[in-house]
Amino acid sequence: MRKLVVIDGNSVAYRAFFALPALSNSSGLHTGAVYGMTTMLLRLIEEEKPTHFLAAFDAGKVTFRHSQYGEYKGGRQKTPPELSEQFPVIRNLIEAMGIRQFELEGYEADDIIGTITKLAEQDDVQAVVVTGDKDMLQLASERVTIALTRKGVSEIERFDPAHIREVYNLAPDQIRDLKGLMGDASDNIPGVPGVGEKTALKLLHEYGTVEQVLAHVDELKGKLRENIANHADDARMSKELATIFREVPMEADWDALRFAGPDKPKLAELFRKLEFRSLIDKLDLGGGAGAEPAESDEQEEALEVVRVTADRLGDLVKRLGEVKAFAAEVTGDNPHTGDVHGLTFLAGQTAYYVPFGLLASDEASALREWLADPEIPKITHDAHRTEVALHWRGLPLRGVAFCTMLAGYLLDPTEAGHTLGLLARKYECGSVPENEDVYGKGAKFKVPDEQTLAAFGARRALAISRLESKLSELLKQNGMESLYHELELPLSGRLAAMETTGVRVDAGALEAYGEELKQSIARLEKDIYELAGTEFNIGSTKQLGEILFDKLKLPVVKKTKTGYSTDAEVLEKLEPYHDIVKHILHYRQLTKLQSTYIEGLLKEVRPETGKIHTYYQQTIAATGRLSSQFPNLQNIPIRLEEGRKIRRVFVPSEPGWVILAADYSQIELRVLAHISGDEGLKEAFRTGLDVHTKTAMDVFGVSEDQVDANMRRQAKAVNFGIVYGISGFGLSRNLDISPKEAEAFIKQYYETFPGVRAYMDNIVATAREQGYVTTLLNRRRYLPEIKASNFNLRSFAERTAMNTPIQGTAADIIKLAMVKIADRLESEGLSSRMLLTVHDELVFEVPPDELETMKRLVPEVMESALELDVPLKVDVSWGDNWYEAK
DNA sequence: ACCATCACG
DNA sequence: ACGTACGTGATGGTA
C-alpha cells in the first residue's frame, strides 16, 4: 500500500514559529520554526512511515481567490522577519530530508493539497495531510486523513470522516458550509455577523448546507434571521472562498514523490550550521560515512567563563599580565550616550566577565589602572567606540595595540559592516552573535541577564584574540602595517579625544536664529498657499507635485520612480513659469536650516557642558575618509549666506579663546598632479596661480587676463569632473551644456594634460588586473565590478577606480596631519585643542597666547604631512567663531 | 523601512 | 547602445 504524507508548508511553519521560543544560532539566525519543523518531520517519518512525501507551499502573493474577493487575507499581519528569514532554511531542510516540494504560481498550498489528495484517491494511495488549518478537514475521506497540529506542532490530532462526525457531527464536505456561515478572521472571510461556531453548527445540523439555510431563512427568528437574510451573499461567497480548489493543473507523478529517507550528509551539514547538536547525536549524523567531521569549536567549549564578583577580583588581577584580549559590552548607536554593561578579559582558557558596576567600584582600581596604562598593550574590537563610552564613565582607555574592527576595515573597506560577528565568520575565527541578537533592537531592546552577557563576552573575547593574529598577518601581507599602526590606530585615539572634548555651541544664538527663520518660513508658507490657491503640505513632494504639475500645469522636466521630481534642479528650470517656484525654493532652503541645523543641532547640545560631541566613524567610507554622526558636523552650511550664519554659533569653550580653521587648498587636484605626474598640472600648482584659472588658460589657450568668469567656471567643473572619474554626460549635466560640447571640453583637457589621461587609463587597467586600487599610503579598495559585463556596473567601477586613489590619498594626508598635530600639541605642551575635521579642514580652539604659534604650526605640519611632487598649500583663518574663521 | 531631498567636501 | 558624475548623514513624508 502506498502512503503519501503531504505537509502544508506555510501553515506548519507559522505554527512552529509561534509555538517555539525565539531560538537562534550563534550567528544570529533565528531557528525556532526550523527546529519545530525538523522535530515534526522526524516524527512523521517515524510514525507514518510514508512511501511518498510532499511539501506544498503557497506561491506568489495573488491567487485566484483575490480576484474573487479583493479583501481575501486582507488585514493579515505581515510575516515577522524572524520567520521570513527562516523560510529559505526550511526549504533546505525539506530538501535535505529527501522530501519533494511543490508550489505553483497563482495557487495556494491548500489547492495543491486538495488536488494531490484527489489524485491519491483515484490512484488508491493512502494520504495524510499535515496542517494547522481546519478548513482542510473538508478533504477527509476513506483514504485521506487530516492531521491537525495542536499546541504548535508538538501534538497531532488525526481526523478521518468518523472523527469529524464525532467532533462536529458534520460530513467533511460541510466544513465549507461551516466556514461560510461563521467566517474566518485569519483569512478575512466575512461569514455572517453574529454567527459563530455554535450557531453555525446548529443551523447546519438542521438544514445541511448554506444554500438550504438561506432557503429556510423564514423559519428563523429575530436578529439571526435578519443577519442571515442581509448577508446571504456574504455567506455564499464565504463558502466559495473556503472551498478548496481540487483541479489544479498538475499530474500525479508518484515516482517523483517517492520518499527514500533523508540525505544524511546534507542533513548533518545543515544541522551543524543551525547548531542542532542534540539532533546530530540523536540521528547519529556526527561521523557517519560521507559526513564531514563535526565542526566543534574545542577551544570555545573548553573556555571557562567566570562571572567576576568583588571577592574573586583578585583572581583576575593576578592574571592581568596574561590577558590576550578584552571585549566591552557597549550598546547604543551613539557611544557618547550609550551604555557599557561590562568587560570580558580573556586570560589563557578563562574569560572573566566584569560587570560595569564592579569595574567602577573601589575594589577594581587595579583593572582601571590596567586599562588606563598606555604602556600595557591591549587588543580589542572597536577601541574607538569603547574609549569614548568608557570616557564618559570616568574610565580612560590607553595603550590599544590592536583593534580588530579597524583591521577588518583596512583589509576591505567596502564590506557591509565590520562587526565582530561578521569578521569572525569571514576569517573563520569562531561564530559570534551580533549585538542585535543578544540585546534585540528598537522596542525589543533589552539587556540580558549577566550570565548571558558573560557567555557572549567570552565568545567575543576569544574571537578578538583569534582575529588579531590572523588580521595582523593579513595586514602585513598587504603592506598595510604602517598604515595601520602609524596612521589609523593612533588616529582612533585622537578622534576619541576630539569627540569627548566637543565643540561649544551658543544655544541661545541658535534659538534666536531659529525664531527669525520661523517668521520667514511662515511668510513664505502664506505666499505659497496664496499662489497655489489652496493650502497643502509643501514638504510633501507628492502634494507639491500635484500642485505644480496637475493644478498649475507646469512642464514636467524629470520624474522619479515614485512620481514627479521636484528637486532644486527641476525647480530652477521652472522658475520662469510661475512665481510660486522661487518661493518654494526659498521655503526649502529655510526649512532645511530650521529642521536639520537649528532643531537638529539643539537636540545634540549637552545641557551640562553646552557642547556638541560628534562621533567620527573611522570604518564607514570606502575611500578612507571619516564620516561624522550624532550630529554630522561635516555638512554644516557654508555655500549660501543664510546657512553659513549657522557657523556663528560654533564658539570657543573658554573665554577669550579663538576658533582657528586650516584647510588644504585644492588638495585633490594636487594629489592628482602628484600621482599622474602630469607636467602641465604640476606646473599649474608651482606657479601659484589659481588652478581653475590656469586650467582655463591652458585648455582655452588664452592668457590670464583673457579668462572670464564663465571660462573659469567651466574649467572648474572640468577639474571636478576629472576628480570624480569624468564622463561627458556627467559634465554636460553639471554645466547644462550638450554632451557633445562636454566631450569636446574633456578632449581638450586631456590634450592639455596628457599625463592625466594616461593616469586614468592606467588606473582602470590596474584595477582590472589586480582587482583593487590603492592610495599613496597603501589603503586599498577592491573593485570586483570592474570586470562586470553590465555596462552600468562596470562604468561605475571605472569611475571609482579613478576617484578612490585621489579622494583616498587626500584622506591619508589629512589623517596623517591630524596625528602629527596632536603629537605636537602634546609634546610642546600647548593647550590648544583640535576640535573638528571636515575632509580637508581642521578646526581648533586656541588660547590667545598660542594664536601666533598655532598660525605657524598647523599649516606647517599639514603642508609637510606627506611630501608630494607639488607643494601642499594650507589656508589658515581665525575668529571669535567658526563663521569668522573664514 | 524606503524614498526624495539637500547639506557638506 | 548602454546612462552617470565621487564620498557621506539627517530629515520629513509615505507605504
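In what follows, every heavy atom counts, from backbone to side chain, and hydrogens, waters and symmetry copies are set aside. Here is how names work: the chains are called A, B, and so on, in the same order as the sequence lines, proteins then strands, and each is numbered from 1.
- Between A:Q629 and the phosphate of C:dG9, there is a side-chain N or O to OP1/OP2 separation shorter than 4.0 Å.
- Close to B:dC6, at under 4.0 Å from its OP1 or OP2, lies a side-chain N or O of A:R588.
- Contact of A:S727 with C:dT4 (side chain to base): a donor-acceptor pair of N or O atoms is detected under 3.5 Å.
- On the P atoms, C:dC2 is 24 Å away from B:dT5, given to the nearest whole Å.
- Contact check, A:S565 against B:dT5: a side-chain N or O comes under 4.0 Å of OP1 or OP2.
- Under 3.5 Å, the side chain of A:R799 and the base of C:dT4 form at least one donor-acceptor pair of N or O atoms.
- Contact annotation: the side chain of A:S565 never approaches that of A:K559 to less than 4.5 Å [non-hydrogen atoms, C-beta and beyond].
- In secondary-structure terms, DNA chain C builds stems of at least 3 consecutive Watson-Crick or G-U pairs, each pair having both distances under 3.5 Å, at B:1-9 with C:6-14.
- Nearest to the side-chain atoms of A:S627 among the listed nucleotides C:dT11, C:dA5, C:dT8 stands C:dT8.
- Checking the phosphate oxygens (OP1, OP2) of B:dA4, no side-chain nitrogen or oxygen of A:T566 falls inside 4.0 Å.
- Across the protein-nucleic acid pair, A:N632 atom CG and C:dG7 atom P stand 17 Å apart, rounded to whole Å.
- Considering only heavy atoms from C-beta on, A:L487 comes within 4.5 Å of A:R779 through its side chain.
- Atom CG of A:L842 and atom P of B:dG9 are 14 Å apart (whole Å).
- Residue A:R781 places no side-chain atom within donor-acceptor reach of the base of C:dG7, judged by atom type and a 3.5 Å distance cut-off alone.
- When the C1' atom is compared between C:dA1 and B:dC6, the two are found 33 Å apart, to the nearest whole Å.
- A cation-pi arrangement is present between A:R780 and A:Y772, with the terminal nitrogen or guanidinium carbon under 6.0 Å from the aromatic centre and inside a 45° cone about the axis.
- Residue A:T560 places no side-chain N or O under 4.0 Å from the OP1 or OP2 atom of B:dC3.
- When atom types are taken as modelled, the side chain of A:S520 and the backbone of A:E516 share a donor-acceptor pair closer than 3.5 angstrom.
- Distances from the side chain of A:N635 to the nucleotides C:dT14, B:dA7, B:dC3 place B:dA7 closest.
- Heavy atoms of other residues, nucleotides or ligands lying less than 6.0 angstrom from CZ of A:F536 number more than 12.
- Counting heavy atoms of neighbouring residues, nucleotides and ligands inside a 6.0 Å radius, atom CZ of A:F445 exceeds 12 of them.
- Judged purely by atom type and a 3.5 angstrom limit, A:N762 uses its side chain to pair as donor or acceptor with the backbone of A:A758.
- Distances from the side chain of A:S540 to the nucleotides C:dG13, C:dT8, B:dC8 place C:dG13 closest.
- Proximity note for A:R639 (side chain, C-beta onward) versus C:dG12, B:dC3, B:dG9: the nearest is B:dG9.
- Among the nucleotides C:dT8, C:dG13, B:dA7, the one closest to any side-chain atom of A:A621 is C:dT8.
- What separates CD of A:Q543 from P of C:dA15 is a distance of 10 Å, to the nearest Å.
- Nearest-nucleotide mapping onto DNA chain C: of A:Q807 and A:F791, the residue sitting toward the 5' end is A:F791.
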